[in-house]
Amino acid sequence: MSSQPSTPAEKTVAEELGADEVQAVDVQEATAAVGVVGMAVMGRNLARNLARHGHVVAIFNRSTARTDEVVVAHGHEGTFVAAPDLTSFVASLARPRRIIVMVQAGAGTDAVIDQLVPLLEEGDIVVDGGNAHYVDTRRREEALRAHGLHFVGAGISGGEVGALEGPSIMPGGSLEAYAALGPILESIAAVVDGEPCCAHMGPDGAGHFVKMVHNGIEYADMQFIAEAYDLLRGAGIEPEAMAGIFRTWNEGDLDSYLIEVTAEVLSQRDARTGGALVDSIVDAAGQKGTGSWTVQAALELGVPVNAIAESVFARASSSHPELRAAARAALDGPVAAAGTTRTPADLETFVEDVRQTLWSAKVVAYAQGLHLIRVASQTYGWDVDIETVARIWRAGCIIRARLLERIRGEYAANDLITLLEAPSIREGLAGTQDSWRRVVGAAAQAGVPVPGFAASLAYYDTLRAERLPAALIQGQRDYFGAHTYRRTDDDGSFHTDWSGDRAELRV
Ligand code: NAP
């Protein structure tokens, strides 16, 4: 079914389509079930996905040319109500109005919200589907609540293809808003075993927080894969052969979208050089900020996410050519080159060691991310259900992976403080840890940087340690700052009179 907006300007578009082909939809009639503001790649694809699922979709973009393009190119995919301005966009929506804002995060989102609010009525729902910081989402939710409006910060993952074909959607906001909005979002989300990859995450900023952590895990997952690549390259395996290894890995425990992508990238030949494309790409990784946000949130909440943090810093290290050049010229050590990263074991064993290390580190990244969500949920009173988070990450999003089915099952069956204590995970790590240690040791010996593998192993060992050297740190803090310490054999706080007679005082 095609559609036609009712404004003179857009009738021209309809005429282009052919008048017989289109169905007139009056923007002044409140017929649209849902509206999308922002017709750049994400908003357009989300609107198309909604229309393809039978929803009448109102669409609006600041520059009308983009709205027109959607009608011309995709009008036949469903029923679009193309609005020339926000007032008619709002008027075209059935109550309660459900408006998904998919514009540039930050100032763009605030600008659209400010223009929308005076046009809306009590009970209407504004959804921010962009990559907003959860603190902004909390602020906006509070501000719109004061107007009697619902504000839903919805994390949407899967990039532009996901938005069109089925993303993973992580909505926050009130339960009342979800009751009105959820069925629509669930209808366009990715589906696994009949279950949509969309669920209410919790109030105010919960959805965007979960999406932010998703991205933090994504950074870690990508860094670990890159480290595995580096080690295998050091063992003399060329990119094309390595693509085959990753394809094989993708048939087992490591089965995931990012492993699939890795094999595709590694097997790509460069038309200019005839070599592997990866060898022609500058080794400086970019970032848009959600990884840093994850680490910042973890620092503020005091949650250890060292493997995720190392992944963010690894991108930063790669992107400082002057720092790297200065250090390369100055520093001694083994030169990581082909053939240098193999342990005494044969190549097949080394490849399997790397595979097990990758799985172990990946588990740690999930454990750290899910623990961060758990602590944030407790801090903000969100009551996020971790099993549900794992469930809606199984498809549609960038970190989709076979492992998530297992994680989901473990959280369904057990009350877990950390994923690492889940029976099947614990057993898995018991089996992989020897490989993990061998690989991190071999990398250190060969001078191959593996910040993600090393940090994840340090986390594993930190958490399982009977005693940590933090006792010494407490002693040092008491020495120079009288910060006091607690004793293992008594309650209360103590201070040693370090500069006096060194007697211990109860304080
Ligand atoms: P974008 O490039 O981030 O933003 C462009 C859109 O924002 C255009 O529709 C633009 O309108 C509109 N816009 C910017 N400032 C505005 C303002 N002050 N008032 C009204 N409209 C304004 O678009 P995108 O890539 O589709 O991403 C949309 C959101 O989804 C972002 O928050 C992004 O972070 C998030 N996201 C993107 C991806 C991805 O793969 N691209 C994946 C996940 C999430 P005009 O056409 O008039 O300039």
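Counting convention: from 1, in listed order, for ligands and their atoms alike.
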the protein heavy atom lying closest to atom 45 (P) of ligand 1 turns out to be Ser63 OG, 3.3 Å
Salt-bridged, Arg140 to Asp114, with N to O below 4.0 Å?
no
Output field: ring centroids Tyr134/Tyr380 closer than 6.0 Å
yes
message: Please determine whether a side-chain nitrogen of the Lys or Arg among Glu122 and Arg95 lies less than 4.0 Å from a carboxylate oxygen of the Asp or Glu.
response: no
So the atoms of ligand 1 within less than 4.0 Å of a heavy atom of Ala105 turn out to be 32 (O)
Val41 heavy atoms within 4.0 Å reach ligand 1 at atoms 25 (O), 26 (O)
TODO: Could you tell me how the ring of Trp393 sits relative to the ring of His214: parallel (under 30°), tilted (30 to 60°) or perpendicular (over 60°)?
DONE: perpendicular
The atoms of ligand 1 lying under 4.0 Å from a heavy atom of Ala111, numbered in the order shown, are 18 (N)
The atoms of ligand 1 lying under 4.0 Å from a heavy atom of Asn61, numbered in the order shown, are 8 (C), 9 (O), 11 (O), 45 (P), 46 (O), 47 (O)
Of all heavy-atom pairs linking Ile188 and Pro167, the shortest is O-CD, 3.3 Å
The answer for which part of Lys288 has a heavy atom under 4.0 Å from ligand 1 is neither
Heavy atoms of Ala82 and Val71 approach each other most closely as CB-CG2, 3.6 Å
Going by the 4.0 angstrom heavy-atom rule, the piece of Met42 near ligand 1 is both
(message) Closer than 4.0 angstrom, basic N to acidic O: yes or no for Asp204 and Arg139?
(response) no
CE (Met102) and CD1 (Ile156) are apart, to the nearest 0.5 Å, by 4.5 Å
For Val112, the atoms of ligand 1 under 4.0 Å from one of its heavy atoms are 19 (N), 20 (C)
Numbered in order shown, the ligand 1 atoms found under 4.0 Å of a heavy atom of Met39 are 9 (O)
In terms of its nearest heavy atom to atom 8 (C) of ligand 1, the top option of Arg66, Arg62, Met102 is Arg66
Counting from 1 in the order shown, the ligand 1 atoms closer than 4.0 Å to a non-hydrogen atom of Ala40 are 5 (C), 6 (C), 8 (C), 9 (O), 23 (O), 26 (O)
Checking heavy-atom distances from atom 13 (N) of ligand 1 to each of Val161, Val103, Asn131, the winner is Val103
Ile156 heavy atoms within 4.0 Å reach ligand 1 at atoms 43 (C)
- prompt: Got a salt bridge between Glu142 and Arg138, using NZ or NE/NH1/NH2 to carboxylate O under 4.0 Å?
  reply: no
